[in-house]
Trainee: 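Would you mind keeping the following structure in view while I ask a few things?
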Amino acid sequence: MIHLLLVDDNDINNFLLKHLINKCDHQVITHTCVDAHAALDYIKDCIRGDKPIDMILLDINMPLMTGWDLLDELKQDGFVLENSIPVHMLSSSVHKSDIEKSKQYPEVRSFISKPITLDVLNENLHNLGIFKKAVS
């Protein structure tokens, strides 16, 4: 079972992505946060409570706190994700500056343009390595 955190302020995007997750090849439990502050608290609680999150899909452009701000805040508070939780940045527009910025964050594994496709979702879930470990 994969524990996925979806952080996006757009309810329609969340609905569509959850529908897509239900069609993917993997069993996924999805927790959704509609703002970065709630996501920040959720991530910290999961890490403190030893409840691993396997992947974060993080929208870049949200009001009050962007996806980048969330990642910076986690680092400032001593929560390092780069070796534990892969982050995939989501954006409805592809700005070269955001793609370049994503390379400065070791925890960011990819930059995904919305809307995300089933193939891209399955590929990123499979790349977690969870399934390879289970087979060994």
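Sequential numbering from 1 along the given sequence is applied to the chain's residues. The model shown is predicted, which means the values in this text are computed figures rather than measured ones. When reading the values below, keep in mind they use all heavy atoms of this one structure, side chains included, and skip hydrogens, waters and symmetry mates.
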Trainee: Check step by step if side-chain contact (heavy atoms from CB on, under 4.5 Å) holds for L71 and L81.
Mentor: CA-CA 9 Å; L71 294 176; L81 303 182; 4.3 Å; yes

Trainee: Apply side-chain contact (heavy atoms from CB on, under 4.5 Å) to the pair L17 and I116, showing each step before the final yes or no.
Mentor: CA-CA 7 Å; L17 190 53; I116 189 171; 3.0 Å; yes

Trainee: Salt bridge or not between D45 and K51? Use side-chain N to carboxylate O under 4.0 Å.
Mentor: no

Trainee: For K75, check side chain to side chain donor-acceptor pair (under 3.5 Å) against everything at least two apart and list the hits.
Mentor: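 Partners of K75 by the side chain to side chain donor-acceptor pair (under 3.5 Å) criterion come out as none, since no residue qualifies.
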
Trainee: Does the side chain of V28 reach to within under 4.5 Å of the side chain of L125, using non-hydrogen atoms?
Mentor: yes

Trainee: Mind telling me whether H3 and Y42 have parallel, tilted or perpendicular rings, with 30° and 60° as the class edges?
Mentor: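 Y42 vs H3 ring planes: perpendicular.
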
Trainee: Please examine the side chains of D9 and P63, heavy atoms only from C-beta on, and report whether any two atoms are closer than 4.5 Å.
Mentor: yes

Trainee: Give a yes or no answer on whether the side chain of D69 reaches the backbone of T66 with a donor-acceptor pair at less than 3.5 Å.
Mentor: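 Checking the backbone N and O of T66 against the side chain of D69, a donor-acceptor pair under 3.5 Å is found.
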
Trainee: Applying a strict under-4.5 Å side-chain criterion to I, L, V, M, F, W and Y, I'd like to know whether L20 and L16 cluster together.
Mentor: no

Trainee: Exactly one of V120, T117, L58 should register a side chain to side chain contact (heavy atoms under 4.5 Å, CB included) with I112. Which one does?
Mentor: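 Going through V120, T117, L58 one by one, the side chain to side chain contact (heavy atoms under 4.5 Å, CB included) with I112 is satisfied by V120 alone.
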
Trainee: Looking at L57 and M55, what are the two nearest heavy atoms and their distance?
Mentor: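 Closest pair (atom of L57, atom of M55, distance): CD2-SD, 4.0 Å.
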
Trainee: Hey, does F111 have a side-chain heavy atom less than 4.5 Å from the side chain of L90?
Mentor: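 A side-chain contact is absent here, since even the closest heavy-atom pair is not under 4.5 Å.
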
Trainee: Mind listing the closest non-hydrogen atom pair of N14 and V34 along with its distance?
Mentor: ND2-CG1, 3.7 Å

Trainee: Which atom names give the shortest non-hydrogen contact between M62 and A36, and what distance separates them?
Mentor: CE-CB, 3.8 Å

